[in-house]
Amino acid sequence: MLIAATTAILITMLLALTRGILGPTLYDRILAANMLGTKTVLIIAVLGFITGRPAFLDVALVYALINFIGVIAVLKYFEYGSLHHAEKHDTPDEEQP
Amino acid sequence: MVSLAISFLLGLMLLSVFAVIAMRNLFAAIILLGIYSLLAAALFMTLDAVDVAFTEAAVGAGISTILILATLLHVGHDTKAKKIIKPAPLLLVLAVGALLVYGTLDLPEFGNAQNRVHQSEITRHYLEKSPGKNGEIGIPNVVTSILASYRGYDTLGEVTVVFCAAIGVMSLLGGLRKKKKQTTVSNDSTTDSAS
């Protein structure tokens, strides 16, 4: 059963990577990256049970946190960067006239 | 099963690398590089290198992605759509790659307990004397005790290098932003410094 789970997770990783490569918009790709991170967490957990070391589960948990924070940071940077840009364009327009 | 999973992960990494090369949109290429780092971290994890996997996930997928994104937001993300393959550099790169692969053929077999590094005296010393309550260091994880105590000065040097690099990157990115603000919004410098 664990082997079936590993196979399924690996195939899902392939699908997510395909979406990341093909994805028409940027947010598809970011979502694919997030999903690949989640699948990484799952595969660490499952492989930990296959190789008989359930302590990998703790590593997988910390990994999930890293993945979450990483995606949030990337998205925040996108928003902050664009917001920053808009702010720079807006404030002179408001102040100069 | 685990070796099959490793081969599959390596195949996915190869796929993502070729996608990065073929990608013309630089933002998409950055996200794919992040995906590559995640796959590499999963691979390291299946090879039992937990700390390397953590570093790869935090630095490769997290910090370096954000640093390249910050750079792209400054310089723009348009590329010239040229696809000229120059034969001489390609041949040179392939030759160097083949040389490196040839060099790895001499490496000892992966995971073999009879390798010299596992049989050496210093390895036995670390494994036997370092952990435990009356050990030299007392940390259960031998890798941590080697990195943090036996090789403490080396790690201190590494931390210094990383710290200097962080200061350099922050001064580069932060300095650029400050300069732009001064040129565009020169009047209200008080609100800028406050924010």
Side-chain angles (χ1 to χ4, degrees), chain A residues 2-3 6-7 9-11 13-14 16-18 20-23 25-44 46-48 50-51 53 55-56 59-60 62-63 66-67 69-71 73-74 76-78 80-82 84-85 87-89 91-92 95-96, chain B residues 1-2 4-9 11-13 15-16 18-20 22-23 25 27-43 45-46 48 50-51 53-54 56-58 60-63 65-67 69-70 72-74 77 177 180-181 184-188 191-192 195:
Chain A
L2 288 176
I3 290 174
T6 313
T7 318
I9 291 170
L10 284 177
I11 290 172
M13 279 176 116
L14 179 64
L17 182 62
T18 320
I21 292 171
L22 295 178
T25 68
L26 193 65
Y27 298 101
D28 285 327
R29 299 180 207 275
I30 292 176
L31 196 62
N34 188 13
M35 188 173 164
L36 253 162
T38 316
K39 295 310 150 209
T40 308
V41 172
L42 288 180
I43 206 163
I44 287 171
V46 173
L47 282 180
I50 283 183
T51 53
R53 270 167 299 178
F56 271 24
V59 179
V62 181
Y63 217 93
I66 287 182
N67 179 37
I69 293 173
V71 171
V74 167
K76 185 136 187 167
Y77 208 92
F78 265 106
Y80 173 71
S82 61
H84 197 70
H85 206 67
E87 210 174 80
K88 252 188 260 167
H89 278 294
T91 40
E95 285 172 5
Q96 274 169 6
Chain B
M1 184 62 212
V2 175
L4 263 181
I6 288 174
S7 319
F8 195 85
L9 283 176
L12 287 184
M13 282 170 76
L15 199 63
S16 63
F18 279 114
V20 167
M23 198 63 73
N25 184 1
F27 277 135
I30 292 173
I31 301 299
L32 279 173
L33 268 182
I35 288 179
Y36 173 82
S37 288
L38 280 175
L39 289 170
L43 184 71
M45 198 67 214
T46 57
D48 268 3
V50 180
D51 44 347
F54 269 128
E56 180 68 37
I63 296 175
T65 306
I66 290 172
L67 281 182
L69 269 180
L72 271 201
L73 287 176
H74 281 304
H77 62 100
R177 187 174 298 155
K180 265 188 186 170
K181 266 189 184 170
T184 51
V185 194
S186 56
N187 287 330
D188 53 354
T191 54
D192 274 351
S195 67

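Residue numbering restarts at 1 for every chain, and letters A, B, ... go by the order of the sequence lines. Computed over heavy atoms, backbone and side chain alike; hydrogens, waters and symmetry mates excluded. Values in this document were obtained by computation on a predicted structure and should not be read as measured data.
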Taking every heavy atom of A:Tyr63 against every heavy atom of B:Ala53, the minimum-distance pair comes out as OH-O, 4.2 Å
So which of A:Leu47, A:Ile50, A:Leu14 has the largest heavy-atom pair count under 4.5 angstrom toward chain B? A:Leu14
Toward chain A, the part of B:Ala41 with a non-hydrogen atom under 4.5 Å: both
Atom of A:Ile43, atom of B:Ala42 and distance for their closest heavy-atom approach: CG2-CB, 4.5 Å
Leading residue by heavy atom contact count with chain B [cutoff under 4.5 Å; candidates A:Leu10, A:Thr40, A:Thr6, A:Ile66]: A:Leu10
How long is the straight-line distance from CZ of B:Phe8 back to CD1 of A:Ile11, given to the nearest 0.5 Å? 6.5 Å
Quick check for you: to the nearest 0.5 Å, what is the distance between B:Ile31 atom CD1 and A:Leu36 atom CG? 12.0 Å
Any side-chain heavy atom of B:Ile35 sitting closer than 4.5 Å to one from A:Ile21? no
Does CD1 belonging to A:Ile3 count more than 12 external heavy atoms closer than 6.0 Å? no
Between B:Leu38 and A:Ala33 the two heavy atoms that sit nearest each other are CD1-O, 3.4 Å
Counting only non-hydrogen atoms closer than 4.5 Å, does A:Thr25 touch chain B with its backbone (N, CA, C, O), its side chain (CB onward), both, or neither? neither
Given side chains that start at C-beta, do those of A:Met13 and B:Leu39 come closer than 4.5 Å, heavy atoms only? yes
Answer with side chain, backbone, both or neither: which region of B:Leu12 has an atom nearer than 4.5 Å to a non-hydrogen atom of chain A? both
Which atoms of B:Ile63 are under 4.5 Å from chain A, going by heavy atoms: the side chain, the backbone, both sets, or neither? neither
Between B:Leu9 and chain A, which part of the residue has a heavy atom less than 4.5 Å away: side chain, backbone, both or neither? side chain
Here the pair of heavy atoms bringing B:Ser16 nearest to A:Leu17 is CB-CD1, 3.8 Å
Do B:Met45 and A:Phe56 make a side-chain contact, defined as non-hydrogen atoms from C-beta onward lying under 4.5 Å apart? yes
